[in-house]
Engineer: 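Input: one structure, supplied below.
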Amino acid sequence: MPTLTNAQIAAALDELGDLNELDGAIIHRVVAYRNGAKAVRDASVSVATLAVAGRATELPGIGATLQEKIVALAETGTIPAAEKLRAKFPAGLVEITRLPGLGPKRARLLYDELGIDSLESLRAAVASQRLRELKGFGPKAEENIAAGLDAGAAEKSGTRVLLDRALAIGEPIVAALRDHPASERVELAGSARRWADSVKDLDIIATARDPAALAAALGDLEIVESVQATGEAGGRATTHSGMSVDLKIVAPEQFGNLLQHFSGSREHNMALRDAAVRRGLHVSEYGVLDDSDGVTHTCETEAEVYALLGMEYIEPELRENRGELAAAANGGDGLPDLVEEKHLRGDLHCHTTLSDGTASIEEMAAAALERGYTYLAITDHSASHGFGDDVPPAALERQIERVHAANAAIDGIELLAGSEVNIMPDGSLDYDDDLLARLDWVIASVHTSFNMSDQRMTDRVITAIEHPWVDAIGHLTGRKIGTRPGYAIDVEAVIAAAAGNQTMIEINANPNRRDIDDVHARATAAAGVPVLINSDAHSPGGFAVARYGIATARRGWLGKKDIANTRTQKQFSAMRKRARNRR
DNA sequence: GCCGTTTTCGGCCCGACTGTTTTCAGTCG
C-alpha cells in the first residue's frame with residue numbers, strides 16, 4: 001500500500017497552488033489546489049489509498065483532476081504538472097512570495113523584469129535601488145522589502161503560542177474587562193475561542209456603555225506592556241509576554257456579526273459566505289446583505305447570523321469547515337451534542353511520586369474527588385522507563401497494595417491500581433503477564449524508539465492493542481504541538497485494531513500534546529472505539545488540563561456518549577471488564 | 001480546478017490597507 005502520507009500529498013497540492021499562482025493561473029484554480037490540500041490534511045484515512053481506489057473524489061474539494069495527480073504522486077513519486085512548473089520558476093521565487101508585501105504578482109514582475117530569482121538577488125536589487133524602476137514599486141516598497149529581508153525573511157506570520165499560555169493571558173483580560181463599569185458584553189474570539197492547539201494573537205469583541213473608557217481600561221491592565229492605539233472602536237495592546245491583544249468595541253446590534261466574523265476560522269467563514277451567496281446573501285462583519293431587498297441585516301447574536309442563512313447555531317469548536325455547515329443547514333444531518341467538562345466522571349492516567357509525579361496516591365485521590373470524579377486510575381511509569389522514574393516489578397507489587405489500601409480507606413472514589421506500561425519496540429510490554437493480570441487498569445504508551453518505519457511502529461502499537469491486559473493506549477502519536485510532529489504511524493490501521501479489540505484510545509489532555517488530535521478523535525469514535533479524556537496529571541493541579549482534552553473532543557465532533565470516562569463508575573467498570581473478556 | 005434547492009457551464013467571500021496611483025491593483029487576514 002502507498003507509503004505516501006496525507007501531509008505529503010497536502011504539501012504537494014499546496015506547492016501546485018503556489019506554482020500555478022506564479023504562472024498567472026486564475027485565482028480560483030489556485031484556491032482549488034489549496035482547498036484540496038486542506039481536505040487532504042483533514043482526512044482521517046489514507047488519501048493515497050483512497051485515490052488509487054478512485055474514491056478520493058468523495059472528499060470535498062477533490063475532483064477527478066486532483067485525484068489523478070494524487071495517483072501519479074503515489075505511483076511515480078511526482079506530478080508531471082509540478083515538474084513542468086518547477087522548471088519554469090526557480091524555487092527561490094516561492095520564497096520571495098513569503099515576504100511581507102510581496103505576493104505572486106509582484107514576485108513574478110521582479111523575476112520577469114529584473115531576473116530576481118532568490119532572496120539574495122532580491123537583496124542586491126534593493127541595495128542598488130533598482131526596484132523603484134518598476135511600475136507599481138516606489139521607494140516605500142523598497143524600504144518595506146528591505147525590512148522584510150532583514151527580519152529574517154520567510155516569516156510572514158508571527159509565532160504561535162500554546163493554547164494554555166494564550167488563555168492564561170486572555171481569560172484574565174476578559175474577566176477584568178467584564179468587571180469594568182463601562183463594559184456590557186465581552187467575549188474572547190479568534191482561534192482561542194475555537195480552542196485551537198495554538199494561538200497567534202488574541203481578539204476580544206465587546207459592547208460598552210462608554211467605549212472610550214473601556215478601551216482605555218485595556219491599556220491600564222497590569223498585564224499590558226504597551227498600547228498601540230485606543231479609541232471609540234477599541235484598541236490594540238501588547239502584553240509583557242509579547243502577546244498582541246486586539247479589542248474591538250461595537251454597537252450592540254452588530255455584536256453577533258462581529259463575534260462571528262472574528263471567531264473564524266477563515267475557512268469556515270469563506271465557506272459560510274460561499275453558501276450565503278447561493279441564497280442571495282452576503283455576509284460580512286457588519287451584517288448580512290440581502291440581494292432581494294438591498295437591506296443589510298445586523299445581528300445581536302451569532303445564532304441570528306446562522307439563522308439568517310437557514311442554519312442552526314454552530315459551536316466555535318466546530319468552525320473549521322469540516323462539514324459543519326452542511327450539517328447545520330436545514331435538511332442537513334444536524335450537529336452533534338458535544339461533550340462538556342462537567343460530564344467527566346473519572347480519569348484513567350495520572351502519576352505519583354512512585355515515578356515522576358509530585359504527589360502521593362492520597363493527594364491525587366483528594367484532588368480527583370474535589371473535581372467530582374468517582375474513579376481514578378493511578379498509572380505510574382513502568383519497569384524500563386528510565387530517567388530514574390522506572391518502577392521495577394517488586395515496586396509495582398507494593399504499589400498495588402498501597403492503592404488498594406487507599407481505595408478501602410477513601411470514600412466516594414474508586415482507585416484503580418494501574419500502570420502506564422511502556423510498549424517496547426517489538427510491541428511487547430515491560431512487565432510479565434502475571435503481574436499485568438493483577439492490575440486493575442493498564443494504559444500502554446510508546447516512550448522510546450520513535451524513529452521506526454511507519455509499518456514497524458504500526459505493528460508495534462497494534463501488538464499492544466491486542467494484548468489481553470491492555471485496556472487503553474496513551475498519547476498515540478507522540479506529538480508535541482509546535483515542536484515535534486508525531487512519529488510515523490498508520491492511525492487508521494491502529495483505530496481498526498482498537499475497534500476489533502475494544503481497546504480504548506486516550507485523548508491526552510496535556511496542552512502540549514492533545515494527542516490524539518481532533519481529526520483522529522473523530523475517526524476513532526466513528527469506528528466505535530471508546531475514547532478516553534485523560535489528564536496525565538503529575539500533580540494535584542494537573543487534573544485541570546482536562547478542559548483541553550474536552551476541547552479536542554469537541555473539535556472532533558464527539559458527544560458524551562463517545563467518551564468512556566463520562567460513564568458512571570459502575571458502567572465504566574462493566575465496560576472495562578467486557579472488553580477484557582473479549583480479548 | 002471544483003461544483004450544483006437558479007447551473008454539467010458559469011460562476012467562484014468580504015473588506016481593509018498600502019503604496020502607488022489620478023481610479024486602483026496587489027496583498028493581507
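Keep in mind that this is a model prediction, so the values were computed, not measured. Per chain, numbering begins at 1; letters A, B, ... match sequence-line order.
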Engineer: State whether Asp18(A) and Arg98(A) are salt-bridged, where the test is any N-O pair (Lys NZ or Arg NE/NH1/NH2 against Asp/Glu carboxylate O) under 4.0 Å.
Structural biologist: yes
Engineer: Would you measure the distance from the C1' atom in dT7(B) across to the matching atom in dC2(B) and give it in whole Å?
Structural biologist: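 Nearest-Å result for dT7(B) against dC2(B) at atom C1': 13 Å.
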Engineer: Between Arg278(A) and Asn269(A), who's closer to the 5' end of DNA chain B by nearest nucleotide?
Structural biologist: Arg278(A)
Engineer: Choosing from dG19(B), dG15(B), dG1(B), which nucleotide comes nearest the side chain of Asn144(A)?
Structural biologist: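 For the Asn144(A) side chain, the nearest candidate turns out to be dG19(B).
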Engineer: Write down the partner of dC3(B) under the Watson-Crick or G-U wobble criteria, each distance required to be under 3.5 Å.
Structural biologist: dG10(B)
Engineer: Roughly, in whole Å, what's the span from CZ in Phe137(A) to C1' in dG26(B)?
Structural biologist: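 Atom CZ in Phe137(A) sits about 10 Å away from atom C1' in dG26(B).
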Engineer: Roughly how far apart, to the nearest Å, are dG11(B) and dT18(B) at atom P?
Structural biologist: 34 Å
Engineer: Whole angstroms only, please: what is the NE2-C1' distance between His261(A) and dG15(B)?
Structural biologist: 8 Å
Engineer: Check if the side chain of Arg266(A) and the base of dG29(B) share a donor-acceptor pair of N or O atoms closer than 3.5 Å.
Structural biologist: yes
Engineer: Return the value, rounded to whole Å, for the distance between atom CG of Leu102(A) and atom C1' of dG26(B).
Structural biologist: 10 Å
Engineer: Of all the choices, dT20(B), dT27(B), dG1(B), which nucleotide is nearest to the side chain of Arg106(A) once you look at every atom?
Structural biologist: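 Closest nucleotide among those given: dT27(B).
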Engineer: Quick one: CG on Leu289(A) to OG1 on Thr296(A), what's the gap to the nearest 0.5 Å?
Structural biologist: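 Result: 4.5 Å between the selected atoms.
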Engineer: Give me the one residue out of Arg34(A), Lys105(A), Arg108(A) that meets salt bridge (charged side-chain N to carboxylate O under 4.0 Å, His left out) with Glu21(A).
Structural biologist: Arg34(A)
Engineer: For dT27(B) versus dT21(B), give the span between their C1' atoms, rounded off to a whole number of Å.
Structural biologist: 16 Å
Engineer: Base, sugar-phosphate or nothing for His282(A)? Non-hydrogen atoms, less than 4.0 Å.
Structural biologist: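 Sugar-phosphate, no base atom in range.
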Engineer: Closest-nucleotide mapping onto DNA chain B: is Lys140(A) or Met270(A) further toward the 5' terminus? I mean the 5' end.
Structural biologist: Met270(A)
Engineer: Provide the distance between the two P atoms, one in dC3(B) and one in dT8(B), to the nearest whole Å.
Structural biologist: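 Here dC3(B) and dT8(B) have their P atoms 16 Å from each other.
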Engineer: Run through Leu558(A), Asp562(A), Ile516(A) and flag the one making a side chain to side chain contact (heavy atoms under 4.5 Å, CB included) with Thr524(A).
Structural biologist: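 It is Ile516(A), the one option of Leu558(A), Asp562(A), Ile516(A) that forms the side chain to side chain contact (heavy atoms under 4.5 Å, CB included) with Thr524(A).
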Engineer: From the set dG1(B), dA16(B), dT27(B), return the single nucleotide nearest to any side-chain atom of His28(A).
Structural biologist: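 Looking only at side-chain atoms, His28(A) lies closest to dG1(B).
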Engineer: Out of dC12(B), dC2(B), dG26(B), which nucleotide sits closest to the side chain of Ile26(A)?
Structural biologist: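 The listed nucleotide nearest to Ile26(A)'s side chain is dC12(B).
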Engineer: Expressed as a whole number of Å, how far does the P atom of dC28(B) sit from that of dT20(B)?
Structural biologist: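 Nearest-Å result for dC28(B) against dT20(B) at atom P: 15 Å.
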Engineer: Given His268(A), which partner from the list Arg319(A), Glu320(A), Glu324(A) fulfils the side-chain hydrogen bond (donor to acceptor under 3.5 Å, both in side chains) test?
Structural biologist: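 The option that passes is Glu324(A).
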Engineer: In whole angstrom, give me the gap between the P atoms of dA16(B) and dT23(B).
Structural biologist: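 It works out to 23 Å between them.
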Engineer: Let me know the distance between CG of Leu281(A) and P of dC12(B), rounded to the nearest Å.
Structural biologist: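 One finds 15 Å between P of dC12(B) and CG of Leu281(A), rounded.
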Engineer: In whole angstrom, what separates Ile27(A)'s CD1 from dG11(B)'s P?
Structural biologist: 19 Å
Engineer: So what does Val283(A) hit on the nucleic acid, given a heavy-atom distance under 4.0 Å: a base, only sugar-phosphate, or nothing?
Structural biologist: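 Answer is sugar-phosphate: Val283(A) comes under 4.0 Å of backbone atoms only.
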Engineer: Please test Met311(A) against Leu272(A) for side chain to side chain contact (heavy atoms under 4.5 Å, CB included), starting from the C-alpha separation and ending with a verdict.
Structural biologist: CA-CA 10 Å; Met311(A) 295 175 189; Leu272(A) 181 81; 4.0 Å; yes
Engineer: Rounding to an integer number of angstrom, what distance separates dC9(B) and dC14(B) when you compare their C1' atoms?
Structural biologist: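 The same atom, C1', in both gives a distance of 25 Å.
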Engineer: Whole angstrom is fine here: how far is it from CG in Leu99(A) over to C1' in dG19(B)?
Structural biologist: 17 Å
Engineer: Grab the CD-P distance between Gln254(A) and dG15(B) for me, whole Å please.
Structural biologist: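 Computing the Gln254(A):CD to dG15(B):P distance gives 12 Å.
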Engineer: Expressed in angstrom and rounded to an integer, what is the separation of Glu58(A) atom CD from dC3(B) atom P?
Structural biologist: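 Taking atom P of dC3(B) as the reference, CD of Glu58(A) is at 12 Å.
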